[in-house]
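The structure under discussion appears below in the form of structure tokens.
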Amino acid sequence: RHAMMPPEQRPSLAAPGRDPWGAPPFTLTLRGLAGADRELLIEGVVRRIPGKRLACFARWRGADVFAKLFFDRSGRERHWKRDERGVRAMLACGIATPALLHSGATEDGAARVLVFERIEDAQNALEAWLRQDAREGRAQLMRRLVETVSRHHAAGLAQRDMHLKNFLVTADRLYTLDGADIVARRAPLAKGASLDNLGLLFAQLDPPDDGLAREIYPAYASARGWGGGAAELAARDRAIDRMRGRREDRYLRKIFRESTAFGARKDARHLVVWDRKHDSPALRTLLADPDRYLESGAQPEYRSSEPSE
């Protein structure tokens, strides 16, 4: 099971999807603000959940920012509030996360909006991991991640969908992203819940790197005041195996629906799934009628420009 996926190629416009505005650039008017503060210029889409949400590079008040747009009529209010609630929980606990600059709605009510500071000279933790050639560099990065997660757990926070793209790495800071996946409790996480959540982080590693998880785990246990006995270590290993299995099951389910990473088409006779990184007019023609395309002697023209989810 190969847990690591190729890094995102940035900046990028995600594949076309069902959203109200078409391709960037476009400008949204924010409700409740005056003058130029009302204008949010969307410059590029980083991630798209078709028909539901966009994560974008944008300009606001003369500065580069990062914006999330929620526009699914049945869920936009719920998803927007959940994301904002998670971000505010992290800020209240002193967890490094990009500053929330604005939360509100568009003037026409079609979307809810969160605007964040844009962190410059940063890469997500998956990109940082894949760019490390030496084991020591990967160990240092994983140590930073584990230290951050230990602070989450001590503060009663857990990421339901822990993955490396939910962390942003700079030379001197590590930021936690995506408040929508933050669950806040009033007390530090219990040991079982902590090991499951930490196991979800370690499950991002390929099995040959499990030794790295065992090497770094004592730093987590020490931060939590745990002894690291045999029963605890066995529970940690079980959590890693269990969470790795869940990640694989979720990935296999995801590839059969429309997403940022995959296109999908299903009817009574066909089930077609393609990686958006290789999307092109020629590939679409092939998928529409494979027999005719192959009989013509044409060759698909693959491209690789879209981000993986």
Decide yes or no for [X] and [Y]: does some side-chain heavy atom of the first lie under 4.5 Å from some side-chain heavy atom of the second?
X: Pro25; Y: Ile42; value: no
X: Asp108; Y: Thr29; value: no
X: Leu40; Y: Thr106; value: no
X: Ser194; Y: Tyr220; value: yes
X: Leu145; Y: Leu201; value: yes
X: Val45; Y: Pro24; value: yes
X: Leu195; Y: Tyr217; value: yes

Are [X] and [Y] grouped together when hydrophobic residues (ILVMFWY) are joined by side-chain heavy atoms under 4.5 angstrom apart?
X: Leu130; Y: Leu164; answer: yes
X: Met162; Y: Leu198; answer: yes
X: Met142; Y: Leu233; answer: yes
X: Phe66; Y: Ile95; answer: no
X: Ile182; Y: Val149; answer: no

Can you see which heavy atom on [X] is nearest to which on [Y], and at what distance?
X: Arg48; Y: Leu54; result: NE-CD2, 3.5 Å
X: Arg78; Y: Ser74; result: NH1-O, 3.6 Å
X: Asp196; Y: Ala239; result: OD1-CB, 3.7 Å
X: Pro20; Y: Phe71; result: CD-CD1, 3.6 Å
X: Ala139; Y: Ile216; result: O-CD1, 3.5 Å
X: Gly137; Y: Gln132; result: CA-OE1, 3.3 Å

>> Quick test of your reading of the model: are Asp279 and Arg284 salt-bridged, counting only N-O distances below 4.0 Å?
In response: yes
> Does the distance from a Lys or Arg side-chain N to an Asp or Glu carboxylate O, for Lys165 and Asp178, drop under 4.0 Å?
Replying inline: no
Out of curiosity, [X] [atom1] to [Y] [atom2], how far, rounded to the nearest 0.5 Å?
X: Arg38; Y: Thr27; atom1: CZ; atom2: OG1; value: 12.0 Å
X: Thr176; Y: Gln159; atom1: OG1; atom2: CD; value: 6.0 Å
X: Leu205; Y: Arg138; atom1: CG; atom2: CZ; value: 9.0 Å
X: Leu286; Y: Asp291; atom1: CG; atom2: CG; value: 9.5 Å
X: Leu33; Y: Trp60; atom1: CG; atom2: CH2; value: 6.0 Å
X: Leu100; Y: Met90; atom1: CG; atom2: CE; value: 10.0 Å

>> Quick one, Trp21 with Leu28, criterion side chain to side chain contact (heavy atoms under 4.5 Å, CB included). Give me CA distance, side-chain angles, the key distance, then yes/no.
In response: CA-CA 9 Å; Trp21 305 287; Leu28 299 178; 3.3 Å; yes
Under 3.5 Å: donor-acceptor pair, side chain of [X], backbone of [Y]:
X: Asn124; Y: Leu126; result: yes
X: Ser222; Y: Pro218; result: no
X: Glu127; Y: Val169; result: no

We want to know whether [X] and [Y] form a side-chain donor-acceptor pair, criterion being a heavy-atom distance below 3.5 angstrom.
X: Arg131; Y: Gln123; answer: yes
X: Thr170; Y: Asp172; answer: yes
X: His153; Y: Asn197; answer: yes
X: Trp80; Y: Ser103; answer: yes

>> Show every side chain to side chain donor-acceptor pair (under 3.5 Å) that has at least one partner inside residues 113-122, sequence neighbours left out.
In response: none
>> Working note: Glu232 + Lys191, criterion salt bridge (charged side-chain N to carboxylate O under 4.0 Å, His left out); need CA distance, chi angles, decisive distance, verdict.
In response: CA-CA 9 Å; Glu232 179 183 313; Lys191 181 172 285 189; 3.2 Å; yes
> For the rings on His102 and Phe116, is their centre-to-centre separation under 6.0 Å?
Replying inline: no
>> Evaluate Trp274 against Leu287 for side chain to side chain contact (heavy atoms under 4.5 Å, CB included), listing each step before the verdict.
In response: CA-CA 9 Å; Trp274 64 95; Leu287 296 176; 3.6 Å; yes
>> Please list all pairs meeting salt bridge (charged side-chain N to carboxylate O under 4.0 Å, His left out) that have one or both residues in residues 83-106, counting only residues at least two apart or in different chains.
In response: Lys68-Asp83, Glu84-Arg88
> Could you give all pairs that pass the salt bridge (charged side-chain N to carboxylate O under 4.0 Å, His left out) test and reach residues 211-224, with sequence neighbours left out?
Replying inline: Arg135-Glu215, Arg143-Glu215, Arg214-Asp237
> Are Arg244 and Asp210 close enough, and set up right, to give a salt bridge (charged side-chain N to carboxylate O under 4.0 Å, His left out), and what steps lead you there?
Replying inline: CA-CA 11 Å; Arg244 187 170 281 142; Asp210 282 349; 2.9 Å; yes
>> Here's one to test your reading of the geometry: is the NZ or CZ of Arg236 within 45 degrees of the ring axis of Phe202 and under 6.0 Å from its centre?
In response: no
> Stepwise, does the salt bridge (charged side-chain N to carboxylate O under 4.0 Å, His left out) test hold for Arg59 with Asp64?
Replying inline: CA-CA 5 Å; Arg59 290 279 296 177; Asp64 291 331; 3.0 Å; yes
>> salt bridge (charged side-chain N to carboxylate O under 4.0 Å, His left out) for Arg82 and Asp181? Distances and angles first, verdict last.
In response: CA-CA 8 Å; Arg82 187 173 70 187; Asp181 287 319; 5.5 Å; no
>> A quick test of your reading: do over 12 heavy atoms of other residues, nucleotides or ligands sit less than 6.0 Å from CG of Asp133?
In response: no
> Got a sec: does the CZ of Arg292 have more than 12 other heavy atoms crowding it under 6.0 Å?
Replying inline: no
> Given the rule in the side chain to side chain contact (heavy atoms under 4.5 Å, CB included) test, do Val113 and Val115 qualify, once you have shown the distances and angles that lead to the verdict?
Replying inline: CA-CA 7 Å; Val113 182; Val115 181; 3.8 Å; yes
> Under the side chain to side chain contact (heavy atoms under 4.5 Å, CB included) criterion, do Tyr175 and Phe167 qualify, and how do the steps go?
Replying inline: CA-CA 6 Å; Tyr175 296 85; Phe167 298 93; over 6 Å; no
